[in-house]
Structure formats: structure tokens, C-alpha cells
Amino acid sequence: AQSVSQHNHHVILSEAASLELGCNYSYGGTVNLFWYVQYPGQHLQLLLKYFSGDPLVKGIKGFEAEFIKSKFSFNLRKPSVQWSDTAEYFCAVESGGYQKVTFGTGTKLQVIP
Amino acid sequence: DVKVTQSSRYLVKRTGEKVFLECVQDMDHENMFWYRQDPGLGLRLIYFSYDVKMKEKGDIPEGYSVSREKKERFSLILESASTNQTSMYLCASSFSNGPTVGDTQYFGPGTRLTVL
């Protein structure tokens with residue numbers, strides 16, 4: 001069964017600091033990869049996704065993620081975080097058919113003004 | 001805008017009660033999902049459905065059942081609620097890009113269920 005690991009459970013950064021959140025998955029076949037974000041009091045929403053093509057994908061609000069197949073990784077990055085990026089971030093992997101998606105345990109990001 | 005609505009934001013039930021959680025989407029999505037979200041455990045898939053009257057077990061189906069009689073509606077049923085089912089329940093829907101490829105999931109606001 002697919003498993004998704006997010007190494008950082010809670011990250012605290014100052015505004016303008018750079019961000020990198022790790023995501024690794026276990027299944028070695030064809031995968032579709034997602035990052036979702038949940039801002040305080042809001043619905044989970046898509047940040048970005050990778051299905052194929054350029055392994056560096058750009059999402060909303062200046063976020064990007066790089067798919068490295070050899071490392072089974074899909075890390076999320078942002079060069080300069082803002083207070084409004086305070087949220088919980090979830091990595092998700094679709095694999096094995098039947099459109100089943102496995103989520104990681106989430107990373108809470110707190111950005112200090 | 002895609003809209004996924006859930007019947008209740010907060011629900012309090014007693015142990016042993018039968019509980020129905022309803023989810024409705026307005027985008028004609030083929031796929032619908034039920035997750036529970038618990039601190040430190042992320043989202044765990046309970047059941048999903050890729051068509052009317054079709055359902056597949058997710059990772060934690062025990063103690064739950066589902067019903068999809070209409071394309072826009074997906075119900076989660078707790079046959080006999082227990083305290084360990086206290087959680088946030090999230091519904092989601094997505095288009096299908098083929099038999100094995102899904103797309104972005106759109107989430108509802110969640111139902112926080114407390115079982116006493």
C-alpha cells in the first residue's frame with residue numbers, strides 16, 4: 001500500500017524566510033502528486049499538482065514543487081514566506097489505479113511577522 | 001466555483017446511535033470521497049465512489065458504510081457510533097480523467113462529529 005511521509009510536523013519561520021517542506025512516497029510506479037493547503041478556518045484546497053511533463057511545477061501564491069522520481073520525493077518550496085502562508089500543508093499521492101489518493105500527515109507552518 | 005456542501009458543521013451524538021453525514025457537490029463530478037481528519041494522522045480515506053451506486057473501501061472502512069444513489073450526493077453512515085469515531089469528517093469530489101486517473105479534489109467544509 002502507498003504511504004506518504006511528511007518529515008516536518010511543525011515549522012516556524014519568520015517572514016521572508018525560505019521554505020522547503022519534504023514529502024516522500026513509497027510506491028514506485030506511475031504517480032500523480034498533489035500539495036493541498038488548509039488555511040485557518042477554511043476548506044482544504046489545491047496548491048499545485050504534478051501529473052507529467054516538467055518535474056518543476058508552479059502553483060498558487062508563489063509556491064512550487066519538484067518531482068524527483070529517483071528519490072520518490074515531491075518537496076514544496078517558496079523563496080520568501082508571508083504571514084498569510086500560515087496554514088497546514090498536505091502532500092498527497094494518487095497511485096495504483098481507482099483514483100485512490102493517500103495523504104501525508106500534514107505540516108503546520110507558522111509564519112511570524 | 002465548485003461547491004461541496006456538508007449537511008452539518010458540528011454534530012454531537014451518543015454511543016450506539018446511527019449517524020448520517022451528507023455531502024452534495026454541484027459540479028457533476030464522477031468521484032466522491034469521505035475522509036476523516038485527526039491531529040497528527042492527516043487525512044485517512046474511509047470510502048470513495050467513482051460512479052452512482054459504486055463504492056470502494058478506503059484505508060479505514062471499519063464501522064462505516066456509504067450510499068450513493070444520485071451522482072451529486074454521497075452519504076457516510078456510522079451504523080453504531082463509538083467514541084473512537086469522534087473526528088472531523090471531510091467530503092471531497094473530483095472529475096475522472098479516465099479509469100485510473102483522477103484530478104484535483106474539491107473539499108467541503110467538514111463536519112466535526114463528537115460521540116459521547
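Just so you know, these numbers come straight off a predicted model, no measurement behind them. In what follows, chains are A, B, ... by sequence order, proteins preceding strands, each numbered from 1.
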Working to the nearest 0.5 angstrom, can you tell me the gap between [X] [atom1] and [Y] [atom2]?
X: A:Phe51; Y: B:Thr104; atom1: CZ; atom2: OG1; value: 6.0 Å
X: B:Cys91; Y: A:His43; atom1: SG; atom2: NE2; value: 11.5 Å
X: B:Tyr106; Y: A:Gln45; atom1: OH; atom2: CD; value: 10.5 Å

Is it true that atom CZ of B:Arg112 has more than 12 heavy atoms of other residues, nucleotides or ligands lying nearer than 6.0 Å?
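12 or below, so no.
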
With distance as the sole test, does A:Tyr36 use its side chain to make a donor-acceptor pair with the main-chain N or O of B:Gln105 at under 3.5 Å?
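Yes; judged by distance alone, with no hydrogens or angles, the pair exists.
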
Would you mind checking which part of B:Leu45 comes under 4.5 Å of any heavy atom in chain A, side chain (CB onward), backbone (N, CA, C, O), both or neither?
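Contact with chain A: side chain only.
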
Contact origin within A:Gln6 toward chain B - heavy atom pairs under 4.5 Å:
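Neither; nothing under 4.5 Å.
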
Would you mind checking which part of A:Glu88 comes under 4.5 Å of any heavy atom in chain B, side chain (CB onward), backbone (N, CA, C, O), both or neither?
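When you check distances to chain B, only side chain atoms of A:Glu88 fall under 4.5 Å.
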
Check whether any side-chain heavy atom of A:Phe90 sits under 4.5 Å from a side-chain heavy atom of B:Gln37, and report yes or no.
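Yes, close enough: below the 4.5 Å cut-off.
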
Can you find a pair of side-chain heavy atoms, one from A:Leu44 and one from B:Leu43, that are under 4.5 Å apart?
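Result yes, sub-4.5 Å side-chain heavy-atom pair found.
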
Connected via hydrophobic side-chain network under 4.5 Å: [X] and [Y]:
X: B:Ile46; Y: B:Tyr35; value: no
X: A:Val81; Y: A:Leu76; value: yes
X: A:Phe103; Y: B:Tyr89; value: no
X: B:Leu11; Y: B:Val4; value: no
X: B:Phe107; Y: B:Val66; value: no

Could you list the residues that satisfy salt bridge (charged side-chain N to carboxylate O under 4.0 Å, His left out) with A:Lys108, not counting sequence neighbours?
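Partners of A:Lys108 by the salt bridge (charged side-chain N to carboxylate O under 4.0 Å, His left out) criterion come out as none, since no residue qualifies.
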
